[in-house]
2 protein chains.
Amino acid sequence: MNRKITIIDVAKRAGVSKGTVDRVVHNRGEVSKKSEAKVRKAIEELHYEPNLYASVLAKKTDYVIACLLPEFSEGEYWEKIWRGFEAGGEQVSALNVTTRLTSFRKACAELLEAAPSGVVMPPLFKSDCIAFTEELRRRDIPYVYVDSKLEDDNYFAYYGMPMYKSGFLCAALLTERLREEEVDQVAVIRINRDKARQSDPTVNRRSGFMDYLAVNFPKCEVHNVFITPSDPKGTYATLDAFFKEHPGVKLVVMMSSRIHLIGRYLADHPIAGGRVIGFDNLEKNIALLQEGLINILITQRTENQSRYAVISLADRLLIGRMPARRDNYMHMDILTRYNQENY
Amino acid sequence: MNRKITIIDVAKRAGVSKGTVDRVVHNRGEVSKKSEAKVRKAIEELHYEPNLYASVLAKKTDYVIACLLPEFSEGEYWEKIWRGFEAGGEQVSALNVTTRLTSFRKACAELLEAAPSGVVMPPLFKSDCIAFTEELRRRDIPYVYVDSKLEDDNYFAYYGMPMYKSGFLCAALLTERLREEEVDQVAVIRINRDKARQSDPTVNRRSGFMDYLAVNFPKCEVHNVFITPSDPKGTYATLDAFFKEHPGVKLVVMMSSRIHLIGRYLADHPIAGGRVIGFDNLEKNIALLQEGLINILITQRTENQSRYAVISLADRLLIGRMPARRDNYMHMDILTRYNQENY
DNA sequence: TAATTTTCCGTGAACGGGCACGAAATTTCG
DNA sequence: CGAAATTTCGTGCCCGTTCACGGAAAATTA
C-alpha cells in the first residue's frame, strides 16, 4: 500500500546516500549542485516528509526555552499565563525541548550564564524590556511576546488579546439596548499605580472603550475611580464615597483583571438594574459572576497564549517552521453566569 | 543534569533486561512476580515514562480510525465537524494513525471489509446507529460520539455541546434586561423534518429554552414557525405571513444551525428593537451578525469536538490512555458583531 | 605528473523502545 | 533422578533520523 516514504527511498531514487539527502533536507551544505538537484527532485516526486519522531529521537541538541513572567501570587492573572507555560512545556518535553520559568527581574542576569535557545515573555517593564530584547537580537535568540507586545521589528511571534477591541466590546456590551438617557454616567474603576515604574497595561483597552462611548453616547460622563489593591478598607471607603456622591451611576467597568477587588463592596451594595463588566476569568471573578454581582466577564483562553507561544518556538527551533501569523490575536469570550461552567 | 530516564536505566536498576521491563510496562505477561515487583519499583523510583516517539517509531502496527459523518454540502454545520476530523487526523498521522472519513450510510457495509481500529461518529440515525454500535462492541472496536450521544454503556468518550444548557443560555440572552411585559411573545423558527427517519437534534435544547421561559416569563407565548430549507420562497412567504399576523413578535430564535435561512427575510424586514439569536458559526450566520441582522450566535469550537475525539482515540490505541472525562461538554461561546473577528 | 588541498559523499553508530527468537531457569511428571 | 514441558528472560535486529568520521574524487598547486 502507501508505505511511508523514508529517507532511504529518496536516497535510492536520487542515487546517493541517506547522508547526502539529510544534508540537503537541512541545508547543511557540503553537497554538489548536481547531487542537490537530484535529491530535491526525488523529494518532490516522492512527496517525502521527514518523520518528526525519528528526527527528534536522533537529534542530540537540547533546547531550552526561557519563559519569563513577573512574580505573582495565587489567583492572579499571571497564574494563567504560568499554567500555559507549563502546559506548553509538557507538550514539547518529549521533543528535547525544556522550558524554564523565570521571574522577569532575574532574567537578564541569568541570561548571561545559561544561554537559552528561545525566550517567551510579556514585555512588562518597557525600558528594561527594550534593552533585553536588544541583547537577544544580538545573540540571535528568537523571542515571543505574550499578553502584549512592543513594536520592535524582531519579535518572532505575538500571542495576545486585541486590547483596543476588547475595550470596544466592553462598551458595546455595557450599553447594549440602552437608550441614550440611560447611558449618562459610567464608572471606570482603576488601579493606583506607581507611574514611574509600571506602565498601565490597559491604556489601549481604555481608549477602545472611550472611543465607542464618544461615538455612540457622546454626552456620557465617565468617572474614574482609583483604588489601591493592597488596601481593601480604603477601597471600600472610596467606592462608598463615590456611589453616595453619584447615586445615578449604574454602569460600572474595570479594565484590568481585578474586578474582584470591588466584590466585597458589591456584595453589600448590589447595583440594581445596572450592569457591571470586568475582564479575565480569575476564580474570584467567576465567583462574582455566579453570585450575580457582576454581569459579564470578557475573557480569553489566557493559558493558550503562553502555550501556543512555547509550541511555536519549539517548532521554530526543531524544524524551522514559522508561525502562520506573526501577530496572533486571541478570540474574546463573553462569559455570563449561564455559560461559565465548562469554560 | 536531568537526562531523560530510559528503559535501560530502569532495567539496570531492577537488575533485569530491557525486554523484561518492556513486558511489565505493557502488561504482556511472561514475567515472574518477583521481577515484576522489582521493575515496578524501579519505574516508580525513577519516574520512568516511556518515550512516545521512540515507541511509535518502533511499533509496526498501523491504526485506522474511521470518522463517520453524513453527506453535506459546503457551508453546512457538518463541514466544521469534517474540518476537525481532518485536523485531528493530521495531528496523529505521524503516529502511525490514519483517519478515514466515511459517509454514515456506507459505514456498516464498509466495516465488513476494512476493520478499523476505532470509530468516531455522531449518532445520527438512531436505530441504524444502535445496531452499528452493537456490532462494534462485539468486535471490541472502541468508538467515540461527537455532536450528540446515545445513552449506551459502551462508548469510549463523548465530545459535544451541553444541549439543554445551550437552550437555557439562549433564553437568558434573549430576555436579558427585558421587563415581563416585553417578553410576551417569542418566535421559534423550526425545520420541517421527515419525522419517520430524522430525529430532531434540538429537542433538548428546546426544552432548556422552554424551561427558562416557563420559570422567568410564565406568561410568554411561544410561536413555532416551521420552514422548509429546500424551499426559500415558501420560507419567505411563511415568515411574511407570520409576522404580518403577529406584528408584536420582537424576539426570534432558531435552535438549529440554520438561522441563515431567514437571513433573506430579515434583510427586507429587520426586526427593530428586537432580538434575534441563532446557533453555530457558519459563515452565512456570521455574515448576518456582521450586518447586524441578528444579535447573537451561540457557538462552540465545533472542530474541536471532532479533533479531540480523534486524538483521544489515538491515545487510547497507542498508549492505552483513557480520556480524563468520558463526557466532555464543550464551552458555549457568545458571539456578537464585536467579537466575531478572531474566532 | 605528483603532491596537496578542498570539496563532496558514504558509512555506521547512536537515539529509545518493540518484539521475535531462542536460551536458560523452573516446574511437572514418569 | 532425568527428561519433558512450561515459564521466564536476555539478546539483537529494526524503526527513520542525525551527525561525526574518514575516505574518494575533484580541484589546485608545485
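Side chains are part of it too, since the values below use all heavy atoms of this structure and drop only hydrogens, waters and symmetry mates. Within every chain, numbering begins at 1; the chains are lettered A, B, ... in the order of the sequence lines, protein sequences first and strands thereafter.
Residue order along DNA chain D, read from the 5' end via each residue's closest nucleotide, puts A/Tyr48 first among A/Tyr48 and A/Glu30. Along DNA chain D, the nucleotide closest to B/Val16 and the one closest to B/Leu57 are compared, and the more 5′ of them pairs with B/Val16. Along DNA chain C, the nucleotide nearest B/Pro50 and the nucleotide nearest A/Lys18 are compared for position; the residue whose nucleotide lies closer to the 5' end is A/Lys18.
Not a single donor-acceptor contact under 3.5 angstrom links the side-chain atoms of B/Arg23 to the base of C/dG18.
Distance, B/Glu36 CD to D/dT7 P: 16 Å, rounded to whole Å. For the pair A/Ile8 CD1 and C/dT11 P, the interatomic distance rounds to 10 Å; values are reported in whole Å. At whole-Å resolution of the value, NZ in B/Lys59 and P in D/dG16 are 15 Å apart. Taking atom NZ on B/Lys34 and atom P on D/dT7, their separation rounds to 18 Å, with Å as the unit. In this structure, A/Leu318 places its CG atom 13 Å from C1' of D/dT17, rounding to the nearest Å. The separation between A/Lys12 atom NZ and C/dC9 atom P is 19 Å, rounded to whole Å. C/dG18 atom P lies 11 Å from atom OH of B/Tyr63, rounded to whole Å. Across the protein-nucleic acid pair, A/Leu52 atom CG and C/dC15 atom C1' stand 14 Å apart, rounded to whole Å.
As judged by a 4.0 angstrom heavy-atom cut-off over every strand, B/Val56 is placed among residues making no nucleic acid contact. At the heavy-atom level, B/Asp22 lies under 4.0 Å from base atoms of the strands shown. Within 4.0 Å (heavy atoms only), B/Val25 reaches no atom of the nucleic acid at all.
The neighbour count for A/Arg28 CZ, taken as heavy atoms of other residues, nucleotides or ligands under 6.0 Å away, is above 12. More than 12 heavy atoms of other residues, nucleotides or ligands shown are found within 6.0 angstrom of CD on B/Glu151.
Using cut-offs of 30° and 60° on the angle between ring planes, the pair B/Phe72 and B/Trp82 is tilted.
Checking C/dG16, D/dG16, C/dC9 against every side-chain atom of A/Asn51, the shortest atom distance belongs to D/dG16.
A/Arg301 forms a cation-pi arrangement with A/Tyr343, by the criterion of a distance under 6.0 Å to the ring centre and an angle within 45° of the ring axis.
Proximity of A/Ser32 to the phosphate of C/dT7: no side-chain N or O atom is located under 4.0 Å from OP1 or OP2. An OP1 or OP2 oxygen of C/dG16 is reached within less than 4.0 angstrom by no side-chain nitrogen or oxygen of B/Thr6. Phosphate contact (OP1/OP2 of D/dT8, side-chain N/O of B/Thr20, threshold under 4.0 Å): absent.
Each of A/Leu68, A/Val120, A/Val119 was checked for a side-chain contact (heavy atoms from CB on, under 4.5 Å) with A/Tyr143, and the lone residue meeting it is A/Val119.
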